[in-house]
Structures are given as structure tokens and as C-alpha cells.
S.K.: 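Provided herewith is a single structure, encoded as C-alpha cells, for subsequent inquiry.
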Amino acid sequence: MFTLPTLWYEYNALEPYIDDTTMETHHSKHHAWYTKKLNNAIAGTQLEWKTIEYILKHTDLAWDAQQSVINNWWWYYNHMLFWENLCPSDQSTFEETSELWHSIAKTFCSFDEFKQQFVDRATSQFWSWRCRLIKDSSNTLSIVTTSNQNNPIMNKDVTVLLWIDVREHAYYLKYKNKRAEYLQNIRHVIDRATIQQRYMW
Ligand code: MN3
């Protein structure tokens, strides 16, 4: 059975970029709901004691599950990645000599160009789409977008390095309809060390 992951930072630790109420609602309400739906659906089945990655790659074993239920399982997983992406701004350090830095600069011409491309792609998505930085099995970086709950790990041997939740519940209380402003600000609380670690795996 799965539990709602505990955040290592407080709900207000990402202020002023992500506000306390948004964090509390997003984590303790939205993510908690996905966790409950996941557990209810796998209770008493052969999936009950599997990892979430196993379950997501074997949804064909969940004979009775509707797609809408399976979507909740993806949301459970996606939000775990999202919380790990974030950290208080004073801890958002990044080695400009790191391998990831070099790879980003090489792929996107510069780090600033990467940030702009990422924000542009994420801003232009429909409300429920997701924007991610991924690497494939040959360590090639790319920015990809997917619809709804879908995640690139469904189809390919890829690692998600960074993903930003751009559903309205992630920013609307503070930013209202200004998604681009949310995306510009969230970069202050991205845990770059975690992304570097994922890149090195
Ligand atoms: Mn969300």
C-alpha cells in the first residue's frame, strides 16, 4: 500500500514563489486523493505489494480498473516527482561545472536558452498537459510534452529529469491565469541537485 510522501520542506518554505496555501492544498488534498484512489483500487489484488513503477508499467494486470482510475495512479507517481523537483530557494544550488550543465548548454546553446525554451513550451500547453526535461538511454536531452496523466516512461527507456505541474491547481490561488509568471518564478525553487542526480543515474 502507498502513503502520501512526506515533504522534507514546510508548505511555506517555497514562499514567495509558491505560496503556503497552494502547497498545502496541492499536497494534502490533491495528492492525498490520488493516493487513496490508488490504494483502493489495488487492495486485495496481485498489485498490492508492487512498486508504483511496476504497477504503472503493468496496468494490464488491473483488469477491473477503469482508465480514470489508472489516471489517478499516474497522478500519484507524477506528484512524487514534482515534490522532489522543488526545494527552498536558498538551497537551490547548481554546479556550473556539472555534467548536466555542460549537457544543457551543448543541447540548447546556453542555459538561459534552455530556460526560455522550457517556459515557452510549458506556457503554450493546454491546461492538463505536462512539460518535462528528459534524457534518453544515450544521455541525449530533450524537452517533451505529454497529455493528461501520460508520462514518457510509459513508452521509452527515458529518465525524467525535471517536470513542472502546470495544472491550474498548482498555481491559480497565487497567480490566477498568469501561468507564464508562475513558470518564471518556480525556477527559483527548483532543486537542481536532484536533477543533476537523476541525470547521473
Ligand atoms: Mn498537481
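First listed ligand is number 1; within each ligand, the first listed atom is number 1. Keep in mind it's a predicted model, so treat the numbers as computed, not measured.
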S.K.: Look at His30 and state whether any of its N, O or S atoms is less than 2.8 Å from the Mn ion (ligand 1).
M.R.: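 Here the distance criterion (N, O or S atom, under 2.8 Å) is not met by His30, so no.
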S.K.: I'd like to know if the side chain of Ser103 pairs up with that of Tyr199 as donor and acceptor (distance under 3.5 Å, no hydrogens or angles considered).
M.R.: yes
S.K.: Write the atom name of the N, O or S atom in Asp165 that is nearest the Mn ion (ligand 1).
M.R.: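 The closest N, O or S atom of Asp165 to the Mn ion (ligand 1) is OD2.
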S.K.: Measuring to the Mn ion (ligand 1), does His169 have an N/O/S atom at a distance below 2.8 Å?
M.R.: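 So His169 does bind the Mn ion (ligand 1) by this criterion.
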S.K.: What angle sits at the Mn ion (ligand 1) between NE2 of His79 and NE2 of His26, to 10°?
M.R.: 90°
S.K.: Is the ring centre of His26 less than 6.0 Å from the ring centre of Trp83?
M.R.: yes
S.K.: Are Tyr76 and Tyr34, when compared by the centres of their aromatic rings, separated by less than 6.0 Å?
M.R.: no
S.K.: Take Asp191 and Leu86, measure what side chain to side chain contact (heavy atoms under 4.5 Å, CB included) needs, and give me the verdict at the end.
M.R.: CA-CA 5 Å; Asp191 188 351; Leu86 303 175; 5.8 Å; no
